[in-house]
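Below: the structure, in structure tokens.
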Amino acid sequence: MSVKAINHEETQESSEDEPLLELSRGFRRATKTKRKCPKYCSQFCLLNLIICVIFNAVLTILAGATYHFINAKAMEMAAQEVALTPDGETIDKFANSPVPVHMIFYLFNLTNADEFLNNGSKPIVKEIGPFYYNENKTKFDLIWNEDESILRYNESCIYTYIKNRSCELDPNTTNITTLNLPLMGLLVQLEKLDNMIDKLPESLRSELKYFINVLNNAIAKEFSETLFMTRTVDEIIFGYQDPLLKFLSDFNIHFLPIPENGVFGLKERTGFAGPNMVYTGKYDSKKTARYLMSNGQLSNLGWGTPFAMMLNGTEGILFHPGLKRDDLLYVFDRELFRSGYFTYHEDLTIHGIEAYKFSLPPEELEGANQDPGFYMNAPDGVLNLTAVYPLNVPVIASKPHFLDADNIYREYLSNESDI
């Protein structure tokens, strides 16, 4: 993932000064004559030279001070324009981005599920995709506090399939065999319940044991759930109604985090998030678009420390003005349930505009560099999302094809895999 930020620093080109060239030629002609200069002339020339040096030094200082003054004023004006205030020039673009955002999905299809389950063979996964979708986010119900330093809003997001940019496969009919994530999550929850039994009052123990037995029988017999499932690309990305989860949701069981109506997926085709709150940057441009609240939450519940729970950064589409190469760009990703930062990668020129490219550094995926509250207890190169993912499904996230990750992850897979 990369983030591009426009470079606002301008370069100045030097130009030739013709009068200086004329003076040089005149000086050369004067040296060809052998006229002697009076003594007072030498003193006068020396005095002029001293005056010129002092004058040039003063000009240099004034020029530097003027440049920094103008640069500071320019930065102040840019900060006012970027501020997310009602009369700011950025608020309309923040609410309805004119730049299209594309989400590109690749999925891995398990081709030897039976051999893996029965013979212990290494999994063979084949990459399927790409599947392009347009992500259209709209911010509405915009409300500012009294001094316009904080903006509150709701947000909708709609995904639209882009067929001409996707692969030939139809996401509605192409099947993918992958891990049965809802089942994995339920098994995790059952293990938690089983560990809780001895800590409960006697009156509740028998009821909980009965429920666990009923659920185990439902998983094994009535619903014939297995470790792997086969679903279409569209179902895996945008969700489907899982029969077992629907069965449990109908019971209205409050002590299990069952998704509403038993629907499980990676994303919502038509989603809503709110309320959200961000700094406008009116009084401190460094805070522009930084989250205070995301989807009604002031922190990321589920992580293990106050620092890990914090909402650090923006949503990644807007940053403060005056970015420098040594800046750290903090982003809060709602779908990863956590914050992270990006570092400078390289200079770019986009349509004639100088820009900086920022990318996720390898150290952001190294456990030694992370707060212990993120539970980075796996080999380097991945993010452990188990603590915050729905149903506590054991999920890890990595860069494409385990880029910058420990080789152990590739060793788990067959050499025939597309990794």
Side-chain angles (χ1 to χ4, degrees), residues 1-5 7 103-104 106 108 179 181 184 188 266 278-279 284-295 297-348 355-390 392-413 419:
M1 183 180 179
S2 62
V3 180
K4 301 181 178 67
N7 175 17
M103 293 293 292
I104 309 170
Y106 292 84
F108 289 95
L179 278 172
L181 293 182
M184 298 288 290
V188 170
L266 300 178
V278 297
Y279 290 106
D284 185 353
S285 62
K286 292 288 186 180
K287 292 184 176 181
T288 302
R290 280 174 49 182
Y291 275 113
L292 287 96
M293 175 187 290
S294 174
N295 200 23
Q297 300 293 324
L298 295 172
S299 61
N300 291 306
L301 300 179
W303 293 120
T305 63
F307 179 83
M309 294 181 186
M310 292 174 63
L311 306 181
N312 288 323
T314 73
E315 66 175 310
I317 64 171
L318 179 65
F319 297 95
H320 63 82
L323 289 177
K324 300 177 182 178
R325 293 181 180 89
D326 57 356
D327 282 343
L328 298 180
L329 302 187
Y330 282 89
V331 173
F332 170 68
D333 191 317
R334 191 180 293 132
E335 294 172 356
L336 293 178
F337 308 95
R338 60 164 292 172
S339 299
Y341 65 86
F342 294 80
T343 57
Y344 169 78
H345 184 71
E346 62 180 347
D347 282 26
L348 293 175
Y356 298 153
K357 179 180 179 180
F358 284 72
S359 59
L360 188 69
E363 53 266 25
E364 261 292 80
L365 302 178
E366 296 174 356
N369 297 314
Q370 291 292 310
D371 185 88
F374 287 124
Y375 305 117
M376 299 281 284
N377 49 6
D380 288 341
V382 300
L383 299 176
N384 183 4
L385 305 179
T386 303
V388 290
Y389 212 77
N392 295 131
V393 173
V395 169
I396 63 171
S398 75
K399 292 183 179 180
H401 298 269
F402 296 114
L403 177 66
D404 295 330
D406 195 292
N407 284 330
I408 192 172
Y409 297 107
R410 297 179 184 86
E411 294 172 359
Y412 286 139
L413 300 172
I419 297 294

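Everything quoted here is computed from the prediction, not taken from an experiment. Numbering of residues begins at 1 and proceeds along the displayed sequence. FYI, side chains are in, hydrogens and waters are out, and symmetry mates aren't considered; it's all heavy atoms of this structure.
Residues meeting the salt bridge (Lys or Arg N to Asp or Glu O under 4.0 Å) test with Glu366, sequence neighbours left out: none. With sequence neighbours excluded, no residue forms a ring pair (Phe, Tyr, Trp, His ring centres under 6.0 Å) with Tyr279. Scored by the salt bridge (Lys or Arg N to Asp or Glu O under 4.0 Å) test, Asp404 finds Lys399 as partners (sequence neighbours excluded). Partners of Pro394 under the side-chain contact (heavy atoms from CB on, under 4.5 Å) rule, at least two apart in sequence or in another chain, are Met184, Val188, Thr386. Residues satisfying the ring pair (Phe, Tyr, Trp, His ring centres under 6.0 Å) criterion with Tyr341, sequence neighbours excluded, are Tyr330. Applying the ring pair (Phe, Tyr, Trp, His ring centres under 6.0 Å) rule to His345 yields no partners; only residues at least two apart in sequence or on another chain are considered. With sequence neighbours excluded, the residues satisfying side-chain contact (heavy atoms from CB on, under 4.5 Å) with Ile408 are Pro379, Asp406, Glu411, Tyr412. Residues passing the ring pair (Phe, Tyr, Trp, His ring centres under 6.0 Å) test with Tyr375, sequence neighbours excluded: none. A search for salt bridge (Lys or Arg N to Asp or Glu O under 4.0 Å) contacts involving Glu335 returns Lys267, not counting sequence neighbours. Residues satisfying the salt bridge (Lys or Arg N to Asp or Glu O under 4.0 Å) criterion with Arg290, sequence neighbours excluded, are absent altogether. Contacts of Asn392 classified as side-chain hydrogen bond (donor to acceptor under 3.5 Å, both in side chains), with partners at least two apart in sequence or in another chain: Gln189, Lys192. Every side-chain hydrogen bond (donor to acceptor under 3.5 Å, both in side chains) that Tyr344 has, sequence neighbours left out, goes to Asp347.
Minimum interatomic distance between Phe358 and Lys324 (heavy atoms only, all atoms of both residues): CZ-O, 3.6 Å. The two residues Trp303 and Gly373 make their nearest non-hydrogen contact at CE3-O, 3.4 Å. The shortest non-hydrogen separation linking Pro361 to Thr343 is CB-OG1, 3.6 Å. Closest heavy-atom contact between Ala397 and Leu336: CB-CD2, 4.2 Å. Scanning all heavy atoms of the two residues, the minimum distance from Asp371 to Ala308 falls at OD2-CB, 4.0 Å.
We find the CD1-CG distance between Ile419 and Leu413 to be 5.5 Å, quoted to the nearest 0.5 Å. Note: Leu360 CG to Leu403 CG = 9.5 Å, rounded to the nearest 0.5 Å. Atom CE of residue Met293 and atom OG of residue Ser299 lie 10.0 Å apart, to the nearest 0.5 angstrom. In this structure, CG in Asp380 is found 13.0 Å from OG in Ser398, a value given to the nearest 0.5 Å. If you take CZ on Arg338 and CG on Asp333, they are separated by 10.0 Å, rounding to the nearest 0.5 Å. Rounding to the nearest 0.5 angstrom, the gap separating the CZ atom in Phe319 from the OH atom in Tyr356 is 15.0 Å.
Remark: the backbone N or O of Phe374 is not paired with any side-chain donor or acceptor of Asn384 at under 3.5 angstrom. Panel note: side chain Arg410, backbone Phe402; a donor-acceptor pair is recorded below 3.5 Å.
Taking the side chain as every heavy atom from C-beta outward, Tyr409 and Ile396 approach each other to under 4.5 Å. Using a 4.5 Å heavy-atom cutoff, the side chains of Arg334 and Asn295 are in contact. The shortest side-chain heavy-atom distance between Gln297 and Tyr291 does not fall under the 4.5 Å cut-off. Put simply, the side chain of Asp327 reaches to within 4.5 Å of the side chain of His320, judged on heavy atoms. Contact check for Ser294 versus Phe332: side-chain heavy atoms found under the 4.5 Å cut-off. Between Leu383 and Met376, the closest side-chain pair of non-hydrogen atoms falls below 4.5 Å. Counting heavy atoms from C-beta on, the side chains of Leu311 and Leu298 never come closer than 4.5 Å.
Between the side chains of Gln370 and Glu364, at least one donor-acceptor pair of N or O atoms lies under 3.5 Å.
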